[in-house]
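In what follows, a structure is listed as structure tokens, so that the remarks can point back to it.
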Amino acid sequence: MAEYSWPSKEDSRLIGKRHTRLDGLAKSTGAARYTYDVNLPNQLIVKALGSPHAHCKVMSVDVSAAEKTPGVVHVHVLRMPKKGDDGVMVYPEIQTEGELIVAVAAESEGAAAEGVSKIKVQYEQLPVFADDDDLDAAIKAGRTKRAGGKITLEKEPGDDEDEEEFEEKEIARLFKESAHVVEGHYGIDVITHCCLEPHGSTVEWKGGKLNAYLSTQNVSKTDDGFAAALDLTADDVDVHCEYIGGGFGSKFRPDYWGIAAAEISKATGRPVKFMLTRDQELKIAGNRPSGYINVKLGADKDGVVQIWDSQQWGTSGYDGGGVSDSVIPYVYRPKNYRRVATSIAVNADPQRAWRAPNHPQACAMTQTAYDDLAAKMQVDSLDIFLKNLANIEARQTAEVYTEELKLAAQLMDWKAKWHPHGKGPRKGSVVDGLGIGLHEWGGVANSSSVLLRVHADGGVSSYCGTQDLGTGTRTVCAIVLAETFGLDIDDVKVNIGHSTYPESGASGGSTTVGAVSESHRRAATDALARLFEKVAPALGAQPGDLEAKKGRIQVKGSPSKSLSWKEACSKLGMSTIEITTNYERGNKTNLSSEGVGGVQMAHVSVDLETGAVRVNKVVAVQDMGLIINRKAAESQIYGAVIMSIAYALFEQRIMDPKTGAFLNAELSDYKLPRLGDIGEIVVEMYEPESQRSRGVIGLGEPPVISGGAAISNAVCNATGVRVPVLPLTPQRVLKALG
Amino acid sequence: MSNWFQEHFSRRKFLGGTGAVAATALLSESARQAEAAEKEPQVRSGEQTIKLKVNGKVHEVKVEPRTTLLDVLRYQLDLTGAKPVSIDGSSGASTVIVDGKPVTASTTLALAVEGKAIQTVESLAGKKLDPVPQCFVEHDAEQCGFCTPGFVVAVRAYLDKNPNATEEMIRNNLNGNICRCGTYVNVLQAAVAVVKGGGNG
Ligand code: FES
């Protein structure tokens, strides 16, 4: 089998350079067609009624008035009370506000919505529990479950000692011997994915087959999802998604509303568009679990943590869940620790993967405690963060974190700006402060197949069932192909976004750029070898002596002995080079690897009178192996930092604790940062040759992780008090200030 | 006006949103008043055909009183650049220019813009590409891209009024649009580049 590798830095014409994205113009002029934009002739529009209650039973559904509404063509009941096998009525139980009950298909948006307003449903309300931050209340209500935990101690019990007793005694001893002990409470609320293009599809059922335009980050596998639910086989389903308006981990499946769209299309014989409304998108299409934690840590006189003891809780919805304890404490992992996790079930929609699942919460729940240690010792947080690198458990090394911290400190001008917690100068009612967070992530390449064609007329086209979540996947594919063939990016035609193309993994876990880089580099290398065989005789050389450079195939080092790309391809005669290459996830190669770290520092101002927090500057230093498109990589980091500003300061799901109602499920109330809220953001790639030679590693998630902790720590440094729970809203800041 | 409309587009919903939303509601109100003053007062109900001038061309479209400009653009004129993101216009994703002013098409009724000059993002990609989308591309100001057309139009409308806007002014004034992917740094760079004469080549 061929050895695949990347060209050296010097030999790379395109890789690692700054490229505008191929679909930038289509996106910036409205030409890009998203699922919401696909209008099929004679299509119906579907709107749905959601449950107004967070916990209830559906007792009866009356759709007669809806059916008579002008423009309404079809009414599809999703949750109908019906007789069970034993003849007893079964009333569907609803566990979350907004869960869809009836879908109405009509000739227009207006008619569909009017139809929805005419539906009559009788509910029996059931008791609601919605308090995910109050552990005692949850225990009292019987809504908790043990959700993991671990004890690791350096010392082991003697043969005759009781293990639990030993652990308690040993932990007590470690705290007793600690020079500094910090006790704190930290947390982070539920947020939603809030994709600007809501979940949904436009589907057409024709001749026993389903054609589905689906807003999805999983083009290759959602055909299976439709097929399984509709009693088809996957080859009867074509899924298309050329453009997706945000996913962030929430769009892996057709979802029950996608299946409903297909069923309505089958029933009516017409194409159907079924997109969620904004409030439905926020209520039922994805959220990130909350996490709250009580921490006690003990450190030696130098501020190196020797013992960590924490109890955490939180929720992922009506199934319980919460933040995995496996990432607690985050990156930093003292030699002695105990962590206990409890899950709380609340009447709300279950979580979905949210950009770097578990990590942002874990970071904000634990690196805040490390900063409180610095505050207690009245020493520089940077020293504490550096020293504690002696004990970490992460997919990046202490050496790299050290370098990254130093680099970030320089870019932040840390030394000049830093002051002990709560002791900075005050300008009017405003104080400022600095904070740090650091993160880690995997980013392994997903499986990916590609079909590549090189035509005798010089045309190059690729087909891959991947998708472009906003990372610039299309452009990455083109850069890799063009680099390998010595062509320009515009010379290759990249095709993605259809389930009929060779299978490529879902875009989740920062696995896509690695995946398509693997498959496209392999396919192009193989295709080039085939082309060299055809061309070698004409150049009087051996195939192994040829190279592709600057639009020509030439004898290595002798540009005079060359053919233009077109001339070279003409040697294919009547044939076309057609290669399908498959990369399997987990296969160790020179082209990709996994495991990154990164460091972020924040500088904020806090108005002590209003509680308002303003981000002045964020520095993000990130390692990521080999960079394919520098411009897009930077954009990913900018975007991730902005998203962390969002959850650090603004966004939260506000649930009424009595009724479980999601009170702010519109964008006017679900606060997200805007252009004026982001301050200055400095992005720095950490990329010595030792990083570059690791190959491609995914980048989508890691930079979203540590901004929350960094901002929280900066607010603590500014004010001298910890605002325990994110987002740090003005009310919470004022409350903490007392 | 049907009951449905009253239920779903109550005055409170219209006015309770952002400033931009309130302005839009007032705009439609004053447009209607102006129209009423010109013509015989009339009650409009049911489906009817009206003429809308979009991107310099007059189109006959079928609307009901409740039909939004956004739905007309997207479902009848095949102009899907303006996006449906928020019912109250607070995301700015459906921003179009009406008689020189930015409005959110999701909160503007089609009847209210009869006779007005409506400009959508698609018009910026006419024979000559407008510098705003051009600079958005150069500065990678689009990730998923769903917010992008609305942002492009908002920047165009703002720079039309403030051709020499400083970075500070842009930061302070382009706050009507939400980008969930976080392209703000790139949007800012793009807008500054337009002011500096970028995107003309
Ligand atoms: S680019 Fe995705 S919402 Fe702005």
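The shown structure was predicted, so the numbers you read here are calculated from the model rather than taken from an experiment. Sequence lines set the chain letters: A, B, ... in the order given, protein chains first and strands last, and positions in each chain run from 1.
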Quick check for you: among [options], which has the greatest number of heavy-atom pairs under 4.5 Å with chain B?
{"options": "A:His193, A:His19, A:Glu281", "value": "A:His193"}
{"options": "A:Gly247, A:Ala26, A:Gly679", "value": "A:Gly679"}
{"options": "A:Arg278, A:Arg18, A:Arg21", "value": "A:Arg21"}
{"options": "A:Ala640, A:Ser635, A:Gly245", "value": "A:Ser635"}
{"options": "A:Gly472, A:Gly246, A:Cys194", "value": "A:Cys194"}

Legend entry - Mutual orientation of the aromatic rings belonging to A:Tyr34 and B:Phe146 [parallel < 30°, tilted 30-60°, perpendicular > 60°]: perpendicular
Inset, instruction - Inspect the surroundings of NZ in B:Lys196 and state if more than 12 heavy atoms from other residues, nucleotides or ligands are less than 6.0 Å away. - result: no
Legend entry - A:Lys17, NZ: over 12 other non-hydrogen atoms inside 6.0 angstrom: yes
Heavy-atom distances under 4.5 Å only: say whether [X] touches chain B with side chain, backbone, both or neither.
{"X": "A:Lys273", "result": "side chain"}
{"X": "A:Ala31", "result": "neither"}
{"X": "A:Ala665", "result": "neither"}
{"X": "A:Gln636", "result": "both"}
{"X": "A:Leu196", "result": "both"}
{"X": "A:Ile645", "result": "neither"}

Inset, instruction - Walk me through it: do B:Phe151 and A:Ser28 pass the test side chain to side chain contact (heavy atoms under 4.5 Å, CB included)? - result: CA-CA 9 Å; B:Phe151 234 135; A:Ser28 294; over 6 Å; no
Legend entry - Check: B:Arg74 main-chain N/O paired with A:Asn39 side-chain donor or acceptor under 3.5 Å: yes
With the side chain counted from C-beta on, respond yes when [X] and [Y] share a heavy-atom pair under 4.5 Å apart, and no when they do not.
{"X": "B:Leu124", "Y": "A:Thr29", "answer": "no"}
{"X": "B:Asn173", "Y": "A:Leu675", "answer": "no"}
{"X": "B:Asp140", "Y": "A:Lys631", "answer": "yes"}
{"X": "B:Arg66", "Y": "A:Glu114", "answer": "yes"}
{"X": "A:Ser108", "Y": "B:Tyr75", "answer": "no"}
{"X": "B:Val85", "Y": "A:Glu197", "answer": "no"}

How long is the straight-line distance from [atom2] of [Y] back to [atom1] of [X], given to the nearest 0.5 Å?
{"X": "B:Ile178", "Y": "A:Arg674", "atom1": "CD1", "atom2": "CZ", "result": "4.0 Å"}
{"X": "B:Ser91", "Y": "A:Tyr670", "atom1": "OG", "atom2": "OH", "result": "15.0 Å"}
{"X": "A:Ile681", "Y": "B:Leu188", "atom1": "CD1", "atom2": "CG", "result": "10.0 Å"}
{"X": "B:Gln143", "Y": "A:Leu469", "atom1": "CD", "atom2": "CG", "result": "9.5 Å"}

Interchain contact, [X] with chain A, by part (heavy-atom threshold 4.5 Å):
{"X": "B:Val152", "answer": "side chain"}
{"X": "B:Asn175", "answer": "both"}
{"X": "B:Ile170", "answer": "both"}

Which pair of heavy atoms, one from [X] and one from [Y], lies closest together, and at what distance?
{"X": "B:Pro149", "Y": "A:Gly30", "value": "CG-CA, 4.0 Å"}
{"X": "A:Ser668", "Y": "B:Ser90", "value": "N-OG, 3.2 Å"}
{"X": "B:Cys181", "Y": "A:Phe248", "value": "SG-CZ, 3.8 Å"}
{"X": "A:Leu667", "Y": "B:Ser86", "value": "CD1-CB, 4.0 Å"}

Legend entry - Test log, rule salt bridge (Lys or Arg N to Asp or Glu O under 4.0 Å), inputs B:Asp78 and A:Arg33: CA-CA 11 Å; B:Asp78 199 29; A:Arg33 293 267 169 175; 3.0 Å; yes
Inset, instruction - Show your working on salt bridge (Lys or Arg N to Asp or Glu O under 4.0 Å) between B:Lys83 and A:Asp37 and close with a plain yes or no. - result: CA-CA 8 Å; B:Lys83 304 289 188 226; A:Asp37 302 332; 2.7 Å; yes
Legend entry - Residue list, side chain to side chain donor-acceptor pair (under 3.5 Å) with A:Glu107, at least two apart or on another chain: A:Arg270
Inset, instruction - Pull out the residues in residues 157-168 of chain B that come under 4.5 Å of chain A, heavy atom to heavy atom, sorted by number. - result: none
Legend entry - Pair B:Arg180 + A:Glu651, salt bridge at N-O below 4.0 Å: yes
Inset, instruction - Among B:Thr67, B:Val121, B:Leu129, single out the residue with the greatest number of heavy-atom pairs under 4.5 Å to chain A. - result: B:Val121
